[in-house]
**Q** 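Have a look at this one before I ask anything.
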Amino acid sequence: MPEHAISPTREENYPEWFQQVIKAADLAEASPVRGCMVIKPWGYAIWENMQRILDRMFKETGHQNAYFPLFIPLSFLEKEAKHVEGFAKECAVVTHHRLELGPDGKLIPTGKLEEPLVVRPTSETIIGASYAKWIQSYRDLPVLINQWANVVRWEMRPRLFLRTTEFLWQEGHTAHATKEEAIEETLRMLNVYSTFAERDLAIPVVRGPKPACERFPGAEETYSIEAMMQDCKSLQAGTSHFLGQNFSRAQEIKFSNTDGNEEFCWTTSWGVSTRLIGAVIMTHSDDDGLVLPPRIAPMHVVVIPIHRSPEERDAVLAACQRVKTLVADLQFAGEPIRLRIDSRDMRGGDKVWQYIKQGVPIRLEIGPRDVAAGAVSVSRRDQPPRTKTSMPLEEFVLALPSVLEEIQQQLYDRALAFRDLHTQSFDSKEAVVAFFTPPDSGNRKSQEPMLHGGFARVHVADDPRVNEVFDPLKVTVRCIPMDGDDEPGFCIITGLATRRRSILAKSY
RNA sequence: CGGGGCGUAGCGCAGUUGGUAGCGCGCCUGGUUUGGGACCAGGAGGUCGGGAGUUCGAAUCUCCCCGCCCCGACCA
């Protein structure tokens, strides 16, 4: 048997390891349509758990769900100049509405549309058109709406979960009477995202505004949460945009204020996507496969019966049922504990490895010896695969919620320690360049560059000259972290005064 | 869209002086097994990515196309 369930290992070839984890955990696969993925039940269950938690948080902050069309008239997209520029190169366009059977049996698009329809890459424009109708008075504000939807962006280099042509997400769109209120909303939702990432996904994130060149097309300010993956690259895990009055001016989203004067609304938008599944994979998983934070794991506990004879089988299955009954009353993170007995006619070892690769937090084995002793054998996914602890059944049940909490915390702590280990402050261009230059890969088997770099905390101005310098290294300013105190300094490239350090990193 | 690599059974792969397809794993059946990826025996499964061409004969040679991976370009 190989030493690890996943080949290659993270160290040998990180991108390939990522794909193999997805395959081994049965999360998703490529589809017949280039760039699109099939999300399989195990992967979709993770998304459903994310959706449920986020949806609750959106409702708690006063938002309602609604649904807007998949198709956006071309003319809508043209309204905001920067928006057009940003998305024009990656839009799927519907030009026909009918198929006719050709002489050779092939189907031919006919019925050309008068105005082409764009498959939404995002919905600011189509939602704005509704808001323009709905909003007349200050009494109609704020409008706080979210939609769960799919979007299409015709990407050149798709990667499962990280960048696919079609993906699932939520997009919140709000309209406010004042600039202050809109900014407050933008930051509120950024906080929802960082709380969700850290508490539920066990992914530590850095929050902050993006430099101008990384802004959402049409936004005044874009804030993101950035997470460090195990290859030390940064993944933008969520964004929240303050759109100013750019879209409301373009789309005439106006209201009468208390003085009876007409004003343009201040709008925001914010979103997270199935990319978060990629973030979870690359933050927690190891060389034996997926590792899931309990709060979003489709299954918390899997019970694997071990038996030979039919008599043993009956006794063992009865014991498994007893565990299930006892656990049924328990809760973790405000939800019932998700436990499944896997009584499929398979060898125990095969099952065990399947659940290791799928990232189930706790594995329980119950065999004749356990039944006789009133005990269970417990393994945790955050511990090495062959680690097993025997304990009395009652003790296990009693401790279960806190053990799940402990695993959740352990994953967060590990990820935070990893990020801290690979975060450094630098005060010269040379030091930053050295940090991001791969070490000599001399005798390595793999073609992949060795894992290196990380987050560089550096004083840089929001200036094109900074980008020019770091472009060749493929390093960008991810965001300007907003947590912590100001630390005035001077840009290491331009010499301009800066209020605090930015995070520079290679990114997905 | 450029540069490189690849495409043969569900998965991983072998298969050049061109001769009609094989191995490992997996799957199915029977048996022996069973506390951490079992063993024996038998069996099923392939338009060799697609198309055209050269040839008596193509997985193998030529051309075109498609798809995947890596590196660029591109990308909130």
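Just the heavy atoms: all of them, side chains too, but no hydrogens, waters or symmetry mates, feed the values below. Per chain, numbering begins at 1; letters A, B, ... match sequence-line order. Since the structure is predicted, the reported quantities are computational estimates derived from the model, not experimental observations.
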**Q** Which whole-number value in Å describes the distance from D350(A) CG to C27(B) C1'?
**A** 13 Å
**Q** Write down the distance separating the P atoms in U60(B) and A21(B), rounded off to the nearest Å.
**A**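 These two P atoms come out 14 Å apart once rounded.
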**Q** Quick test of your reading: applying ring pair (Phe, Tyr, Trp, His ring centres under 6.0 Å), list the pairs with at least one residue in residues 364-396 of chain A, sequence neighbours left out, ordered by first then second residue.
**A**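 Listed once each, the pairs would be none.
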**Q** Is it true that a side-chain atom of R159(A) and a backbone atom of Y508(A) form a donor plus acceptor pair closer than 3.5 Å?
**A** no
**Q** What does G271(A) touch in the nucleic acid at a heavy-atom separation under 4.0 angstrom: a base, only the sugar-phosphate, or nothing?
**A**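 G271(A): no heavy atom of the nucleic acid under 4.0 Å.
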**Q** Answer with base, sugar-phosphate or nothing: what part of the nucleic acid does S224(A) contact at a heavy-atom distance below 4.0 Å?
**A**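 Result for S224(A) = nothing.
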**Q** Classify the nucleic acid contact of K351(A) as base, sugar-phosphate or nothing, counting any heavy atom under 4.0 Å across all strands shown.
**A**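 If one applies the 4.0 Å heavy-atom cut-off, K351(A) turns out to touch nothing in the nucleic acid.
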**Q** For D471(A) and C75(B), give me the distance from atom CG to atom C1', rounded to whole Å.
**A** 13 Å
**Q** Just jot down the salt bridge (Lys or Arg N to Asp or Glu O under 4.0 Å) partners of R34(A), sequence neighbours excluded, or say none.
**A** none
**Q** Side-chain contact test, heavy atoms from C-beta onward, threshold under 4.5 Å: evaluate it for Y223(A) versus T239(A) and give yes or no.
**A**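 No, their side chains stay 4.5 Å or more apart.
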**Q** Atom CD1 of I281(A) and atom CG of L27(A): how far apart are they, to the nearest 0.5 Å?
**A**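 Nearest 0.5 Å value for the CD1-CG distance: 5.0 Å.
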**Q** Got a sec, which residues hit side chain to side chain donor-acceptor pair (under 3.5 Å) with E198(A), two or more places apart in sequence or on another chain?
**A** none
**Q** Can you tell me how far C1' in G51(B) sits from the matching atom in G67(B), rounded to whole Å?
**A** 15 Å
**Q** How many whole angstroms separate atom CG of N467(A) from atom P of C75(B)?
**A** 13 Å
**Q** Out of G35(B), C71(B), G37(B), which has the shortest distance to the side chain of R369(A)?
**A**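 Minimum distance to the R369(A) side chain belongs to G35(B).
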**Q** Just the table, please: protein N/O against nucleotides 29-34 of chain B N/O, every pair under 3.5 Å.
**A**
from   : atom 1 : to      : atom 2 : distance (Å)
U33(B) : O2     : R347(A) : NH1    : 3.3

**Q** Distance between the P atoms of A59(B) and G7(B), in whole angstroms?
**A**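 Result for the P pair: 15 Å, nearest Å.
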**Q** Should the ring pair W266(A) and F242(A) be called parallel, tilted or perpendicular, given that the plane angle runs from 0 to 90° and is split at 30 and 60?
**A** parallel
**Q** Any strand counts, and the cut-off is 3.5 Å on both contacts for Watson-Crick or G-U wobble. Which nucleotide pairs with G22(B)?
**A**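 C13(B) is the nucleotide pairing with G22(B).
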**Q** Watson-Crick or G-U wobble partner for G46(B), using a 3.5 Å limit on both distances?
**A**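 Pairing partner, where one exists within any strand: none, as none qualifies.
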**Q** Run the side chain to side chain donor-acceptor pair (under 3.5 Å) test against D350(A) and tell me which residues pass, sequence neighbours left out.
**A**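 Applying side chain to side chain donor-acceptor pair (under 3.5 Å) to D350(A) gives none.
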**Q** Rounded to whole angstrom units, what separation is found between the CE atom of M346(A) and the P atom of C27(B)?
**A** 8 Å
**Q** Mind checking W169(A) for me? I need base, sugar-phosphate or nothing, with any heavy atom below 4.0 Å counting as a touch.
**A** base
**Q** If you look at every strand shown and take non-hydrogen atoms under 4.0 Å, does I356(A) touch a base, only sugar-phosphate, or nothing?
**A** base
**Q** Counting any heavy atom closer than 4.0 Å, what does K388(A) reach on the DNA or RNA strands: base, sugar-phosphate only, or nothing?
**A**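 Contact class for K388(A): base.
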**Q** Which residue pairs satisfy the salt bridge (Lys or Arg N to Asp or Glu O under 4.0 Å) criterion with at least one member in residues 220-235 of chain A, sequence neighbours excluded?
**A** K210(A)-E226(A), R215(A)-E221(A), E226(A)-R478(A)
**Q** Both distances under 3.5 Å, Watson-Crick or G-U wobble: report the partner of G7(B), or none.
**A**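 G7(B) is paired with C66(B).
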**Q** Relative to the 5' end of RNA chain B, which residue comes earlier, V371(A) or R215(A), by the nucleotide with the nearest heavy atom?
**A**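 In this pair, the answer is V371(A).
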**Q** Would you list the pairs meeting salt bridge (Lys or Arg N to Asp or Glu O under 4.0 Å) in which at least one residue belongs to residues 240-250 of chain A, sequence neighbours left out?
**A**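 Counting only pairs at least two positions apart or across chains, no salt bridge (Lys or Arg N to Asp or Glu O under 4.0 Å) contact touches residues 240-250 of chain A.
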**Q** With sequence neighbours left out, what residues match D483(A) under salt bridge (Lys or Arg N to Asp or Glu O under 4.0 Å)?
**A** R207(A)
**Q** Using the rule given for salt bridge (charged side-chain N to carboxylate O under 4.0 Å, His left out), can you reason through R465(A) versus E468(A), listing the C-alpha separation, both sets of side-chain angles and the distance that settles it, and then say yes or no?
**A** CA-CA 5 Å; R465(A) 283 173 285 175; E468(A) 279 168 32; over 6 Å; no
**Q** Counting only side-chain N and O atoms of R157(A), is one of them less than 4.0 Å from OP1 or OP2 of C71(B)?
**A**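 For C71(B), OP1 or OP2 has a side-chain N or O of R157(A) closer than 4.0 Å.
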**Q** In this structure, how many angstroms lie between the P atom of C11(B) and the NZ atom of K357(A), rounded?
**A**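 After rounding, the reported distance stands at 15 Å.
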**Q** Indicate, with a heavy-atom threshold strictly under 4.0 Å, whether E365(A) touches base, sugar-phosphate, or nothing.
**A** base
**Q** Indicate, with a heavy-atom threshold strictly under 4.0 Å, whether F87(A) touches base, sugar-phosphate, or nothing.
**A**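 Base: the residue F87(A), judged by heavy atoms under 4.0 Å, touches a nucleobase.
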**Q** Any sub-3.5 Å donor-acceptor pair from R340(A)'s side-chain atoms to V302(A)'s backbone N or O?
**A** no
**Q** I'd like a table of atom pairs between the protein and nucleotides 66-69 of chain B - only N or O on both sides, under 3.5 Å - with the distance next to each one.
**A**
from   : atom 1 : to     : atom 2 : distance (Å)
C68(B) : OP2    : R34(A) : NH1    : 2.6

**Q** Between A9(B) and A14(B), how far is it from one C1' atom to the other, in whole Å?
**A** 14 Å
**Q** With heavy atoms under 4.0 Å as the rule, sort R363(A) into base, sugar-phosphate or nothing.
**A** base
**Q** Measure the distance from OH on Y14(A) to P on C70(B) and round it to the nearest whole Å.
**A**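 One finds 14 Å between P of C70(B) and OH of Y14(A), rounded.
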**Q** Would you kindly give the NZ-to-P distance between K23(A) and G26(B), to the nearest whole Å?
**A** 16 Å
**Q** Between G3(B) and G12(B), how far apart are the P atoms? Round to whole Å, please.
**A** 27 Å
**Q** Shorter than 3.5 Å, N or O on both sides, protein versus nucleotides 2-10 of chain B: list them out with atom names.
**A**
none

**Q** U33(B) pairs with which nucleotide, Watson-Crick or G-U wobble, both distances below 3.5 Å?
**A** none
**Q** What interatomic distance, in whole Å, is found between C1' of C71(B) and the corresponding atom of C11(B)?
**A** 27 Å
**Q** For residues 144-165 of chain A, which residue pairs pass the ring pair (Phe, Tyr, Trp, His ring centres under 6.0 Å) check, not counting sequence neighbours?
**A**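 Sorted result for residues 144-165 of chain A: W47(A)-W148(A).
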**Q** If the C1' atom of C65(B) is compared with that of C23(B), how far apart are they to the nearest Å?
**A**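 One C1' to the other, the span is 32 Å.
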**Q** What is the distance, rounded to the nearest whole Å, between atom CD of Q358(A) and atom P of G37(B)?
**A**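 Rounded to the whole Å, the gap is 19 Å.
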**Q** Enumerate the ring pair (Phe, Tyr, Trp, His ring centres under 6.0 Å) contacts for residues 347-368 of chain A, please, sequence neighbours excluded, ordered by first and then second residue.
**A** none
**Q** Taking any strand in view, what nucleotide pairs with C1(B) in a Watson-Crick or G-U wobble way, both distances under 3.5 Å?
**A**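 Checking every strand shown, C1(B) finds its partner in G72(B), with both distances under 3.5 Å.
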**Q** Using the C1' atoms only, state how far U33(B) lies from A44(B), rounded to an integer number of Å.
**A**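 It comes out at 24 Å once rounded to the nearest Å.
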